[in-house]
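Worksheet for the structure shown next.
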Amino acid sequence: MYAIKDDLRSELDEIEAAGLTKTERLITTPQSAHIATAAGEALNFCANNYLGLANHPDVVAAARDALDEWGFGMASVRFICGTQTQHRELEEAIADLVGTEDSILFPSCFDANGGIFEVLLGPEDVIISDALNHASIIDGVRLSKAQRRRYANRDMDDLRTQLEEARAGGARRILVVTDGAFSMDGYLAPLAEICDLAEEHGALVMVDDSHATGFVGEHGRGSHEACGVMDRVDIVTGTLGKALGGGSGGFVAGPREVVDLLKQRARPYLFSNAVAPSVVAGSLKAVHIARGSDKLRQVLRRNAALFRGLMTDAGFELLPGEHAIVPVMFPGEEGARQATQVADRMLELGIYVIAFSYPVVPKGQARIRVQLSAAHSEEDVRACVDAFVQAREEVAPR
Ligand SMILES: *Cc1c(COP(=O)(O)O)cnc(C)c1O
């Protein structure tokens, strides 16, 4: 044991020396726009709490009531004795939101992506995956026996080439898989073009909409709604851990046969505990709120537009778009250091944002990723911009 402890310690030291150690900041409040850490109070601009449902009174009340009505735990996988009527209700509500025949819950979206590929695709099939897809897609693809191809991020010429080569290679099934919204850029996948190319080559399309379900698209149905291809995307995976209450759980939504087969074969579904009753009830309330009204989405859009406008006026370089993920760029050699120093200073000023640099994003493209929420007030957004301006002035005067 001592030998391995020494080995692991030197590995940890290498991570530290490279400046890549991730530390957890301990939060002493519920997740919200306004939080507190030991260092003091802060406005939170780095949660995936897009609709502000993580601490929404109706969601909290639904989860609390469920403890009395449905108990604390399931102590079973779904197919033995772990399915309450509300689990099915939630699956139907998700399918309705996303616009598919049915859906199936998983313990997380990581597990949904981990379980789906090996069930649907074998050695005679090909998966074509965007190069910037989420780690859980990469791992899920690895767990399948299908042949693998990658295309450069959102590069439709490259996707065409990969599709042509897969067809020429005699593939049985071809599946194109992409994140609906890419988390480091806030860019949407070009789903209309992807669906065109997939149709042309007889391929299926799967979208991981974890950073879109509930808030992207006019009625929050996802990136396929935003791109006008709701009826052309075959399979959607997503999470309950972001906009939809931020509790936990993931799903696959799609044709009934896909869902039915996953219930027979998907290993994270068969061999991992059912989502806890209070989480199901809170998530169900969150889905109903997201489906029932555009109000929170309008607030979120107003906040994102206000932030993008004020920051552009203040001379910051942003990646373009409308997503609630807004990358504030710190390009060049000094960028990584500047982004980190600006983010650190902003926390002292009471604004919690995170800097990302290589290897999480490409070299020379360091950024502070700001995530807006419907829980932010206009005043909160203005405070964030003011802190950016002040911190830049102190760290990297222009
Ligand atoms: C967050 C995220 C996941 C993981 O979701 P969990 O439910 O937290 O496991 C998967 N895919 C993408 C694209 C994500 O952003």
Side-chain angles (χ1 to χ4, degrees), residues 22 24 31 46-51 53-54 87 90-91 94 97-98 103-117 127 129-143 150 153-154 175-189 191 194 205-217 222-224 226-227 233 235-254 262 266-269 271-276 279-280 282-284 286-287 290 321 323-327 354 356 360-361 369 371-373:
K22 290 180 269 302
E24 296 173 2
Q31 184 62 278
C46 54
N48 302 311
N49 186 22
Y50 298 109
L51 293 176
L53 295 177
H87 287 82
L90 178 55
E91 288 171 334
I94 289 168
L97 172 66
V98 172
S103 87
I104 167 177
L105 283 173
F106 283 81
S108 68
C109 186
F110 205 106
D111 285 326
N113 290 333
I116 186 171
F117 297 102
I127 302 167
S129 179
D130 187 289
L132 289 193
N133 277 345
H134 190 261
S136 55
I137 295 178
I138 296 169
D139 287 9
V141 169
R142 279 196 196 131
L143 287 170
R150 252 182 8 163
N153 179 230
R154 299 179 301 126
L175 176 79
V176 180
V177 56
T178 180
D179 284 15
F182 291 92
S183 65
M184 284 298 145
D185 302 323
Y187 290 156
L188 296 190
L191 291 182
I194 289 174
V205 175
M206 169 178 153
V207 176
D208 177 347
D209 242 357
S210 291
H211 282 286
T213 309
F215 66 102
V216 169
S223 59
H224 56 337
C227 296
V233 165
I235 296 166
V236 177
T237 61
T239 184
L240 301 171
K242 290 183 172 120
L244 297 175
S248 68
F251 61 85
V252 174
L262 289 171
R267 294 166 68 83
Y269 179 85
F271 299 112
S272 191
N273 196 29
V275 178
V279 174
V280 171
S283 302
L284 187 55
V287 172
H323 199 278
I325 294 172
V326 185
I354 300 282
F356 294 93
V360 181
V361 295
R369 179 178 71 173
Q371 293 175 283
L372 283 306
S373 167

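Every value quoted in this text rests on a predicted model; they were computed, and no experiment measured them. One-based numbering, in listed order, for ligands and for the atoms of each.
A centroid separation of 6.0 Å or more is found between the aromatic rings of Tyr187 and Phe182.
Under a 3.5 Å cut-off, the side chain of Thr213 and the backbone N or O of Gly222 do not form any donor-acceptor pair. Remark: side-chain polar atoms of Asp208 are not paired, donor with acceptor, to backbone N or O of Val236 under 3.5 angstrom. Remark: side-chain polar atoms of His323 are paired, donor with acceptor, to backbone N or O of His211 under 3.5 angstrom.
When all heavy atoms of Gly180 and Ser223 are compared, the closest pair comes out as CA-OG, 3.4 Å.
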Quick check for students: name every N or O atom pair between ligand 1 and the protein closer than 3.5 Å, with distances.
{"from": "ligand 1", "atom 1": "7 (O)", "to": "Cys109", "atom 2": "N", "distance (Å)": "2.8"}
{"from": "ligand 1", "atom 1": "7 (O)", "to": "Thr239", "atom 2": "OG1", "distance (Å)": "2.6"}
{"from": "ligand 1", "atom 1": "9 (O)", "to": "Cys109", "atom 2": "N", "distance (Å)": "3.3"}
{"from": "ligand 1", "atom 1": "9 (O)", "to": "Phe110", "atom 2": "N", "distance (Å)": "2.9"}
{"from": "ligand 1", "atom 1": "11 (N)", "to": "His134", "atom 2": "ND1", "distance (Å)": "3.3"}
{"from": "ligand 1", "atom 1": "11 (N)", "to": "Asp208", "atom 2": "OD2", "distance (Å)": "2.6"}
{"from": "ligand 1", "atom 1": "11 (N)", "to": "Ser210", "atom 2": "OG", "distance (Å)": "3.4"}
{"from": "ligand 1", "atom 1": "15 (O)", "to": "His211", "atom 2": "NE2", "distance (Å)": "3.1"}
{"from": "ligand 1", "atom 1": "15 (O)", "to": "Lys242", "atom 2": "NZ", "distance (Å)": "2.6"}

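Distance check: Ser129 OG to His134 NE2 gives 12.0 Å after rounding to the nearest 0.5 Å.
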